Amino acid sequence: MTSPRAEFTPHMEHYTFVLEDQPYLGYFQYGNEKTPVYTTDRHGFRVTPGPAGLRATVGDDRPDGPVRVLAGSSAVFGVGATGDAATITARLWHTHAPRLPWLNIAGQSHNSAQELLLFTLFQHELPPVEDIVLLSGVNNLVLSRLPEEQQGRHGAFFDCGPAPDAVPPPDQRVAHATELTTRHLGGWKSLADALGARLTFVLQPLAPWVRAEPLPREQLLFEELDEMSNFRRFHNDISTMAVGRTYADRLAAGCARLDVPFLDMNVALAEAAGPEDWLFIDRVHCTDLGYDLVARQLADRIDLA
């Protein structure tokens, strides 16, 4: 019998999540990879295809002149997209906000400290940057399950130790993730101001924060993944609409203190999607349609078009 994942998302077999050990970052995509679903430049950043056959990358070819940056983790990388042209950056450049090229600056399974460090390590490769959109927030909350000894001073990272038998209560997890996210956002703000770039923070979408009930196809995919992972065991407590809204409210307050515009993509996506629109391949990563709707909401709601 064919599994839902094999039936509905056969392209996901090409997202192997095999990453290269990297000093400082911990791990990152391999450079010069070309699979049936994604392409990376010499550094490991995903290629953004644009109009008229153009491409934009951090380390290889791109049009002359200023750029815009979308930064974050695996959702920004575009895990779940059927090809480079279906990522958020590609949809922005090709259709929804095409005035300037968009660079995809994302590392899979990165927390907010790694996202910030990634940008600083490759800033020397960048042309003038007009906009920085940071689509983030979920990984810090996921990692908040880990015990204090694994959190260190700057937050836990994936694969830093065994999963615990017990997790902190949701309020404690939200408070911890909010503090880390806004602390590192202060570093982004300093960099953006120095570069003369406009910075916007967007809370990335998580399926149960967008819809209380997934579509039947999404439910089948989630259930299959739950059999292979511990997501339900460790994250069921944060996978509620109430926790998502509380987290968004606290992040919005932190952004206001830093004078950084904030957008909750969960609310935006819920308002934009039709009742039968298939948005999620798993709880964190979107379908092609989901990523296109995210790009459209970014363009419309933070005045990128």
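As a basis for the values below, the full set of heavy atoms in this structure was taken, side chains included, without hydrogen atoms, waters or symmetry mates. Note that this is a predicted model, so its numbers are computed, not measured.
- Nearest heavy atoms, Tyr27 versus Ser109: OH-O, 3.2 Å.
- Taking CE from Met265 and CD from Gln204, the interatomic distance works out to 10.5 Å, rounded to the nearest 0.5 Å.
- Distance alone, capped at 3.5 Å, places no donor-acceptor pair between the Glu20 side chain and the Tyr30 backbone.
- Nearest heavy-atom pair, Leu263 versus Ala268, reported as atom, atom and distance to 0.1 Å: CD1-CB, 4.4 Å.
- Between Ser73 and His110, the shortest heavy-atom contact is OG-N, 3.1 Å.
- In plain terms, the two heavy atoms of Asn140 and Ser112 that are nearest each other are ND2-OG, 2.8 Å.
- The structure places CZ of Arg173 at 9.0 Å from CG of Leu143, a figure rounded to the nearest 0.5 Å.
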Apply ring-ring contact (aromatic ring centres under 6.0 Å, His included) to residues Phe222 and Phe280 and explain how you reach the verdict. CA-CA 9 Å; Phe222 298 169; Phe280 288 93; 7.1 Å; no

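- Other residues, nucleotides and ligands contribute over 12 non-hydrogen atoms within 6.0 Å of the NE2 atom of His11.
- Nearest heavy atom pair, residue Val79 against residue Tyr291, reads O-OH, 2.6 Å.
- A donor-acceptor contact shorter than 3.5 Å links the side chain of Trp102 to the backbone of Ala97.
- Going from atom CD1 of Ile88 over to atom CG of Asp292 covers 10.0 Å, rounded to the nearest 0.5 Å.
- Between the Arg211 side chain and the Ala207 main chain, no donor and acceptor come within less than 3.5 Å of each other.
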Test log, rule side-chain hydrogen bond (donor to acceptor under 3.5 Å, both in side chains), inputs Thr178 and Arg250: CA-CA 7 Å; Thr178 301; Arg250 295 188 183 182; 5.5 Å; no

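- Not a single ring pair (Phe, Tyr, Trp, His ring centres under 6.0 Å) links Phe201 to another residue, sequence neighbours left out.
- By the 6.0 Å contact criterion, CG on Asp61 is enclosed, its count of non-hydrogen atoms from other residues, nucleotides or ligands being greater than 12.
- A side-chain donor-acceptor contact under 3.5 Å links Arg46 to the backbone of Gly78.
- Here the rule is side-chain contact (heavy atoms from CB on, under 4.5 Å) with Thr57, and of Thr39, Asp41, Asn104 only Asp41 fits it.
- Annotation: salt bridge (Lys or Arg N to Asp or Glu O under 4.0 Å) contacts involving residues 117-135, sequence neighbours excluded, comprise Arg42-Glu125, Arg68-Glu130, Arg68-Asp131, Arg99-Glu130, Asp131-Arg198.
- No donor-acceptor pair under 3.5 Å is formed between the side chain of Thr2 and the backbone N or O of Glu7.
- Counting heavy atoms of neighbouring residues, nucleotides and ligands inside a 6.0 Å radius, atom CZ of Arg183 exceeds 12 of them.
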Apply side-chain hydrogen bond (donor to acceptor under 3.5 Å, both in side chains) to Glu224 and Ser3, showing your working. CA-CA 8 Å; Glu224 180 179 353; Ser3 73; 3.1 Å; yes

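- Under 3.5 Å, the side chains of His154 and Asn111 contain no donor-acceptor pair of N or O atoms.
- Side-chain atoms of Gln123 do not come within 3.5 Å of backbone N or O of Thr120 as any donor-acceptor pair.
- Between Leu279 and Ala273, the shortest heavy-atom contact is CD1-CB, 3.8 Å.
- A 6.0 Å sphere centred on CD of Glu213 holds no more than 12 heavy atoms belonging to other residues, nucleotides or ligands.
- In this structure, the side chain of Trp188 does not engage the main chain of Ser190 through any donor-acceptor pair within 3.5 Å.
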side-chain hydrogen bond (donor to acceptor under 3.5 Å, both in side chains) between Glu33 and Tyr38, worked out: CA-CA 8 Å; Glu33 280 197 296; Tyr38 69 85; 3.2 Å; yes

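- Tracing side-chain contacts under 4.5 Å through hydrophobic residues (I, L, V, M, F, W, Y), one reaches Val67 starting from Leu126; they form part of the same cluster.
- Side chain of Thr87 to backbone of Asp84: a donor-acceptor contact under 3.5 angstrom is found.
- Between Thr9 atom OG1 and His285 atom NE2 the span is 12.5 Å, to the nearest 0.5 Å.
- If you take CD1 on Ile132 and CG on Leu70, they are separated by 11.0 Å, rounding to the nearest 0.5 Å.
- A donor-acceptor contact shorter than 3.5 Å links the side chain of Thr287 to the backbone of Gly290.
- Judged purely by atom type and a 3.5 angstrom limit, Asn266 has no side-chain atom pairing as donor or acceptor with the backbone of Gly244.
- Within the structure, no pair that satisfies the salt bridge (Lys or Arg N to Asp or Glu O under 4.0 Å) test touches residues 110-122, not counting sequence neighbours.
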